[in-house]
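Heads up, the thing below is written out as structure tokens.
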Protein chains: 2
Amino acid sequence: MDSKTKNRPQTLPDGGRPTLKTIAFMTGLGITTVSRALKDAPDIGAETKERVRLVAKQIGYQPNRAGVRLRTGKTNVISLVLTLEEEIMGITSPMVVGITEILAGTPYHLVVTPYSAVKDALAPIRYILDTGAADGVIISRTEPHDPRVALLTERGLPFVTHGRTEMGIVHPYHDFDNERFAYEAVRKLVARGRRRLVLLEPPPHLTFYSHMRAGFERGLRDFQADAIGFHQTNIDHSLVEIRDAFEVLMRSEDAPDGIISGSGSGAIALIAGLEMAKKKLGEDCDMVSKSPSDFLRWLRPEVMTMYEDIRVAGRELAKAVIGHIDGQPPETLQSLSQPEFQPPITRGLRA
Amino acid sequence: MDSKTKNRPQTLPDGGRPTLKTIAFMTGLGITTVSRALKDAPDIGAETKERVRLVAKQIGYQPNRAGVRLRTGKTNVISLVLTLEEEIMGITSPMVVGITEILAGTPYHLVVTPYSAVKDALAPIRYILDTGAADGVIISRTEPHDPRVALLTERGLPFVTHGRTEMGIVHPYHDFDNERFAYEAVRKLVARGRRRLVLLEPPPHLTFYSHMRAGFERGLRDFQADAIGFHQTNIDHSLVEIRDAFEVLMRSEDAPDGIISGSGSGAIALIAGLEMAKKKLGEDCDMVSKSPSDFLRWLRPEVMTMYEDIRVAGRELAKAVIGHIDGQPPETLQSLSQPEFQPPITRGLRA
DNA sequence: CTTCAAATCTGTAACGATACAGTTGCGATG
DNA sequence: CATCGCAACTGTATCGTTACAGATTTGAAG
């Protein structure tokens with residue numbers, strides 16, 4: 001055995017799974033060389049790289065994640081941080097699908113990290129930071145001064161928010177244009193002759209509360225309509241609470257004739273309240289609602305809906321975190337999706 | 001330096017994160033001792049264990065997952081395998097919530113592993129097996145002879161199915177009792193005087209297809225009703241397809257007077273088809289539907305719904321995989337959730 | 001006094017990958 | 001014909017943890 005090959009691997013790994021050692025053994029190269037060849041390092045010969053790549057592919061080599069993670073700290077994990085009390089109609093589902101669609105083409109895995117909103121929204125972030133559990137984080141329910149954004153920025157962990165902040169930190173985000181949603185909703189209702197408008201708003205601590213309100217108020221000014229106050233409930237309340245509060249409003253002198261619902265499930269409760277007050281949608285009242293799914297269009301075609309495509313949001317968010325991890329500047333990783341009214345469900349035969 | 005302490009760690013790990021080395025340094029013990037103390041090994045003194053535990057807790061020690069995984073192969077990961085084309089109304093969302101509720105009290109993380117049903121449902125399973133990506137797997141859309149179950153069993157990777165199989169393999173599962181659902185649905189419809197019943201069924205290749213059909217047919221026999229054939233579509237088809245096919249049926253001589261819908265979103269389409277045929281729900285027709293969410297009850301209270309609690313299913317599935325990983329016998333990890341009719345939404349004030 | 005066993009504790013090697021600091025061979029340079 | 005630089009390759013140490021095979025101490029038995 002000449003000196004050049006004296007420390008070459010003599011044995012193969014026990015388990016069936018190929019490692020760098022397997023490839024080293026098969027090619028007659030050193031483990032280091034194989035590692036560097038697979039990374040396309042400049043100090044490895046072109047032909048050698050080719051050989052290594054070929055063998056790696058043949059035997060279906062996949063780097064051991066634990067090995068990489070232990071040595072380099074790179075987890076290849078994106079963490080989706082969710083509250084357990086997530087929206088009734090399940091915004092999570094299409095979101096997860098959207099994210100995984102993007103991650104499928106990458107080495108990243110999606111880990112769902114839940115927290116109880118009732119407790120501490122920072123807890124999961126701290127956990128991820130302290131344990132180095134992920135290379136990137138996706139958070140939602142963003143607040144104007146969001147401590148999670150502050151913490152993640154300070155500690156330099158790439159992230160993206162579903163929703164914007166107002167704290168002078170430039171960071172990746174994806175958001176639905178709620179300002180424009182409310183504005184267009186007002187326009188639509190006024191066009192139908194409605195002038196006494198009510199808004200079922202997001203909870204005030206979330207950023208998109210002010211966006212939606214701003215759009216609402218701008219619309220009222222531009223199209224000359226009036227706001228009917230309805231701050232007793234918001235889209236985070238239970239359907240029963242929303243319904244009951246709205247019934248009271250609809251029975252009062254102050255009853256609105258146009259309704260804007262900031263959420264699809266909220267719309268259900270509003271409709272129920274309205275009907276309990278013996279009013280009829282489409283006659284006494286018109287309604288515009290945001291809707292992440294199709295059921296309103298099918299069951300209450302009278303409601304005019306603007307579709308919020310959560311699946312696309314998931315895709316955008318995933319692309320943005322990865323971009324952030326790859327070092328792209330945050331300002332290039334921001335996107336806003338524009339609301340559009342949905343056409344009614346087609347009657348008649350169509351696939 | 002006496003011989004007893006000569007190889008004690010002299011330096012602390014660079015990063016802020018505490019490791020076994022940190023604790024060893026602080027307690028003056030060896031790394032091995034600390035490791036074994038934290039595992040409550042029998043050859044470590046009681047007082048030593050106490051000290052180690054105390055220090056570990058104080059400094060917030062958490063084992064490095066990559067280290068454990070590399071050494072032991074234990075990933076502490078549960079993989080939820082989903083099709084990207086998952087149910088329209090998003091069954092995924094409450095399921096993920098249910099699973100994470102259980103995992104929160106364990107060292108396990110939830111990784112979502114998607115696949116395109118259009119392609120190969122085995123692909124993600126192979127990936128997990130080949131790369132050792134998880135300690136346990138949760139699969140859904142189970143088939144009577146499910147190749148995924150065969151493969152996982154053969155390779156000895158713990159798993160649980162959402163739905164049962166019929167291949168003579170005893171394995172953990174959680175299922176909704178679809179046989180009973182259909183049976184009780186028939187009973188209810190017959191009690192309302194309906195005798196010409198139609199079933200919107202699951203796709204035939206899934207196991208619960210035959211369960212639901214069996215319950216349906218047993219109900220027809222026991223309560224003396226007749227089946228109206230409707231196999232043109234199933235709950236996997238698009239809402240438009242279902243609606244159009246059902247409209248045709250409702251306009252025909254053969255129009256049913258009772259409808260059983262195997263899915264909540266399917267019910268929406270059936271209602272639309274029925275209305276397009278100028279029939280009225282509650283008058284010409286009654287309907288019983290499975291429903292994983294609340295919207296039907298709110299928007300179409302005429303529909304009698306049986307609630308399928310996906311969140312609870314998620315919890316059961318999580319408990320079952322973990323049980324399987326922990327070596328509990330599969331036959332003790334099987335559960336069936338019993339359908340119950342939901343009460344109507346309460347009218348009047350209630351939280 | 002040995003000798004031995006039990007009770008505690010410990011070092012080494014290994015899991016798979018990579019950063020880093022070499023080593024080797026070879027043609028060009030002075 | 002030394003010397004140098006360069007291209008191509010390699011060994012060692014390390015990340016944090018645990019399995020395994022010792023090592024040390026203590027006290028009781030012979």
Side-chain angles (χ1 to χ4, degrees), chain A residues 2-25 27-52 56 61-76 107 131-132, chain B residues 2-25 27-52 56 61-76 107 131-132:
Chain A
D2 71 33
S3 72
K4 190 172 179 178
T5 60
K6 72 163 173 300
N7 270 335
R8 237 31 89 55
Q10 303 302 318
T11 63
L12 284 169
D14 292 338
R17 184 151 180 216
T19 69
L20 290 179
K21 202 170 172 180
T22 318
I23 302 177
F25 180 74
T27 54
L29 295 162
I31 295 176
T32 303
T33 310
V34 173
S35 173
R36 300 190 52 73
L38 289 172
K39 312 205 117 51
D40 202 21
D43 63 349
I44 304 293
E47 197 215 301
T48 304
K49 283 180 189 170
E50 207 42 63
R51 261 176 60 225
V52 169
Y61 169 74
Q62 299 203 244
N64 179 307
R65 308 189 117 230
V68 175
R69 180 165 172 177
L70 182 57
R71 182 65 240 245
T72 65
K74 173 115 191 170
T75 62
N76 285 306
T131 62
Chain B
D2 71 30
S3 72
K4 190 175 182 179
T5 60
K6 70 163 176 297
N7 270 336
R8 236 33 87 55
Q10 303 302 317
T11 63
L12 285 167
D14 291 338
R17 180 150 184 218
T19 69
L20 290 179
K21 203 168 170 182
T22 318
I23 302 178
F25 181 72
T27 54
L29 295 162
I31 294 177
T32 303
T33 312
V34 174
S35 173
R36 298 190 55 71
L38 288 173
K39 312 205 116 53
D40 202 21
D43 63 350
I44 304 293
E47 196 216 300
T48 304
K49 283 180 189 169
E50 207 43 61
R51 262 176 58 227
V52 169
Y61 169 75
Q62 299 203 245
N64 179 307
R65 308 188 119 231
V68 175
R69 180 166 172 176
L70 181 57
R71 181 67 241 247
T72 65
K74 172 114 191 172
T75 61
N76 284 305
T131 62

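Chain letters run A, B, ... following the sequence lines, proteins first, then strands; residues in each count from 1. The analysis underlying the following values was restricted to heavy atoms, covering all of them including side chains, and did not include hydrogens, waters or symmetry mates. Here the structure is a predicted model, which is why all the values come from computation and not from measurement.
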Show every donor-acceptor pair shorter than 3.5 Å between a side-chain atom in residues 41-49 of chain B and any protein atom, with sequence neighbours excluded, or say none if there are none.
unit_1  : atom_1 : unit_2  : atom_2 : d
B:Asp43 : OD1    : B:Arg36 : NE     : 3.2
B:Asp43 : OD1    : B:Arg36 : NH2    : 3.3
B:Asp43 : OD2    : B:Arg36 : NE     : 3.4
B:Lys49 : NZ     : B:Asp40 : OD1    : 3.0
B:Lys49 : NZ     : B:Ala41 : O      : 2.9

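For the pair B:Val68 and A:Arg71, both in contact range of DNA chain D, the more 5′-proximal nearest nucleotide belongs to A:Arg71.
Picking from D:dG11, C:dT10, C:dG16 the nucleotide with the shortest atom distance to the side chain of A:Asn64 gives C:dG16. Comparing atom distances between the B:Leu70 side chain and each of C:dG11, C:dG16, D:dT17 picks out C:dG16 as nearest. Here the side chain of A:Thr48 is nearest to one of D:dC9, D:dT18, C:dA19, namely D:dC9.
For B:Ile31 and C:dA13, the CD1 to P distance is 14 Å, given to the nearest whole Å. The interatomic distance linking A:Glu47 (CD) with D:dC9 (C1') rounds to 14 Å, in whole Å. In this structure, B:Leu20 places its CG atom 13 Å from P of D:dC15, rounding to the nearest Å. Protein atom NZ of A:Lys74 is 18 Å distant from nucleotide atom C1' of C:dG16, rounded to whole Å. Straight-line distance from the CZ atom of A:Arg17 to the C1' atom of C:dA17: 12 Å, rounded to whole Å. Here the C1' atom of nucleotide D:dC9 and the CZ atom of A:Arg51 are 12 Å apart, to the nearest Å. Note: NZ (A:Lys21) to P (C:dT18) measures 16 Å, nearest angstrom. Note: CG (A:Leu29) to P (C:dT24) measures 17 Å, nearest angstrom.
Taken to the nearest 0.5 Å, the OG1 atom of A:Thr75 stands 13.0 Å off from the CG atom of A:Leu70. Rounded to the nearest 0.5 angstrom, A:Ile23 CD1 and A:Ser35 OG are separated by 9.5 Å.
For D:dT17, one of the phosphate oxygens OP1 or OP2 lies less than 4.0 angstrom from a side-chain nitrogen or oxygen of B:Tyr61. An OP1 or OP2 oxygen of C:dG16 is reached within less than 4.0 angstrom by no side-chain nitrogen or oxygen of A:Thr19. Regarding contacts with the backbone of D:dT17, every side-chain N or O of B:Thr72 stays at 4.0 angstrom or more from both OP1 and OP2. Here A:Thr33 reaches the OP1 or OP2 of D:dT10: one of its side-chain N or O atoms lies under 4.0 Å away.
In this structure, B:Asn64 and B:Thr19 have side chains that are not in contact, with every pair of non-hydrogen atoms separated by 4.5 Å or more. No side-chain heavy atom of A:Thr33 sits under 4.5 Å from any side-chain heavy atom of A:Thr27.
Taking every heavy atom of residues 36-45 of chain A and every atom of DNA chain C, pairs under 4.0 Å involve A:Lys39, by number.
Under a 3.5 Å cut-off, the side chain of B:Arg65 and the backbone N or O of B:Pro107 do form a donor-acceptor pair. Of the possible polar contacts, none joining the A:Arg69 side chain to the A:Asn76 backbone as a donor-acceptor pair under 3.5 Å is found.
Among the protein residues, A:Thr32 comes within range of the nucleic acid bases, having at least one heavy atom under 4.0 Å from a base atom.
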